[in-house]
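Below, each value reflects all heavy atoms present in this structure, side chains not excepted, and no hydrogens, waters or symmetry copies.
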Amino acid sequence: QVQLVESGGGSVQSGGSLRLSCAASGYSNRCMAWIRQAPGKEREGVAAIFTDRVTFYADAVKGRFTISLDSAKNTLYLQMNSLKDDDAAIYYCAARKYACYNEYMNSRALDLKEYNYWGQGTQVTVSS
């Protein structure tokens, strides 16, 4: 049974940093992503990583967020720097059941529909 448990959320001032973690158990496919949902908005893909090295980012977070995967610890991370008010959301860790290192997923890396397992989420609050 796959379990994803996020941690590291909290409250931070605008311009600050946070690092989110997602501990995965029962999962080894190395196709994972961070998804967020702000109040009153739909969930959106933030960043994805395939096979530890291939990464994808939403335009809104490029240059500020870094996704990484420690395969030895089976833990996914999201380093968030220069946080803005718009980054405030619940952040979810997601994992894909099927293969991802292929042409099909290159254009769908941030598509929520492509991920099969989800964590409970961790709240990120950004204050001005």
Side-chain angles (χ1 to χ4, degrees):
Q1 183 177 356
V2 175
Q3 281 195 319
L4 305 173
V5 180
E6 302 96 335
S7 61
S11 183
V12 64
Q13 286 194 325
S14 180
S17 298
L18 278 177
R19 189 175 82 153
L20 306 182
S21 300
C22 171
S25 58
Y27 180 78
S28 60
N29 201 28
R30 297 189 296 164
C31 301
M32 302 184 76
W34 287 99
I35 311 295
R36 70 185 180 185
Q37 185 168 23
K41 296 186 178 180
E42 294 185 352
R43 290 190 183 187
E44 62 175 355
V46 174
I49 186 166
F50 298 164
T51 65
D52 303 4
R53 294 188 299 276
V54 181
T55 58
F56 304 83
Y57 295 95
D59 288 343
V61 306
K62 277 180 184 175
R64 300 188 297 120
F65 290 12
T66 303
I67 188 171
S68 59
L69 177 61
D70 186 331
S71 293
K73 296 182 178 179
N74 221 16
T75 301
L76 179 72
Y77 300 99
L78 185 68
Q79 178 65 43
M80 305 186 295
N81 299 328
S82 302
L83 282 161
K84 305 176 180 179
D85 291 355
D86 288 348
D87 295 319
I90 298 174
Y91 283 73
Y92 299 90
C93 171
R96 178 171 166 83
K97 180 178 181 180
Y98 306 104
C100 59
Y101 196 52
N102 51 47
E103 197 63 35
Y104 173 83
M105 279 302 291
N106 280 346
S107 59
R108 297 171 174 84
L110 300 180
D111 189 339
L112 279 59
K113 298 190 299 296
E114 299 298 335
Y115 294 90
N116 311 99
Y117 310 109
W118 293 76
Q120 293 299 307
T122 185
Q123 178 76 53
V124 171
T125 303
V126 182
S127 57
S128 301

For L4 and C22, which heavy atoms make the closest approach, and how far apart are they?
-> CB-SG, 3.9 Å

Flag the pair Q37 / E44 as yes when at least one side-chain heavy-atom distance between them is below 4.5 Å, and no otherwise.
-> no

Rounded to the nearest 0.5 Å, how far apart are CZ of R19 and OG of S68?
-> 7.0 Å

Mind listing the closest non-hydrogen atom pair of L78 and A47 along with its distance?
-> CD1-CB, 4.2 Å

Closest heavy-atom contact between N29 and R96?
-> ND2-O, 3.0 Å

Of all residues at least two apart in sequence or in a different chain, which pass the ring-ring contact (aromatic ring centres under 6.0 Å, His included) check with F50?
-> F56

Salt-bridge test for K84 and D87: reply yes if a basic N is under 4.0 Å from a carboxylate O, no otherwise.
-> no

Hydrophobic cluster membership, W34 vs W118, 4.5 Å side-chain cutoff | no

Does V2 share a hydrophobic cluster with L112, counting links as ILVMFWY side-chain heavy atoms below 4.5 Å and allowing steps through other members?
-> no

Got L20 and T122 here, is their nearest side-chain heavy-atom distance under 4.5 Å?
-> yes

M32 versus L76, closest heavy-atom pair with distance = CB-CD2, 3.9 Å

Would you find a donor on one side and an acceptor on the other, under 3.5 Å apart, between the side chain of Y115 and the backbone of A109?
-> yes

So, the side chain of N74 versus the backbone of A24: is there a donor-acceptor pair under 3.5 Å, distance only?
-> yes

So OG of S14 and CG of L83: to nearest 0.5 Å the spacing works out to 8.0 Å

Taking only Lys NZ, Arg NE, NH1 and NH2, and the carboxylate oxygens of Asp or Glu, determine whether K113 and D111 approach each other closer than 4.0 Å.
-> yes

Any donor-acceptor N/O pair, R64 side chain to A60 backbone, under 3.5 Å | yes

Least distance between heavy atoms, A88 atom then A38 atom | O-CB, 3.6 Å

Expected output: side-chain Q13 to main-chain S127 donor-acceptor under 3.5 Å = no

Any luck finding a side-chain donor-acceptor pair between T75 and D70 under 3.5 Å?
-> no

Any side-chain heavy atom of M105 sitting closer than 4.5 Å to one from C31?
-> no

Under 3.5 Å, side chain of E6 to main-chain N/O of C93, donor-acceptor pair present?
-> yes

Would you call T66 and T55 a side-chain contact if the rule is heavy atoms closer than 4.5 Å?
-> no

Flag yes if I35 and Y27 sit in one hydrophobic cluster, no otherwise; membership is Ile, Leu, Val, Met, Phe, Trp, Tyr, and two members link when side-chain heavy atoms are under 4.5 Å apart.
-> no

With a 3.5 Å cut-off and no angle check, do the side chains of D85 and S128 form a donor-acceptor pair?
-> yes

Shortest non-hydrogen pair, N116 vs E114, comes out as OD1-O, 3.9 Å

Are the side chains of L69 and R30 in touch, meaning some heavy atoms are under 4.5 Å apart?
-> yes

Qualifying ring-ring contact (aromatic ring centres under 6.0 Å, His included) pairs, either residue in residues 76-110, two or more places apart = none

Calculate, to the nearest 0.5 Å, the distance between atoms CZ and CD belonging to R36 and Q123 respectively.
-> 12.5 Å

Is M80 linked to V12 within one hydrophobic cluster, defined over Ile, Leu, Val, Met, Phe, Trp and Tyr using a side-chain heavy-atom separation of less than 4.5 Å?
-> yes

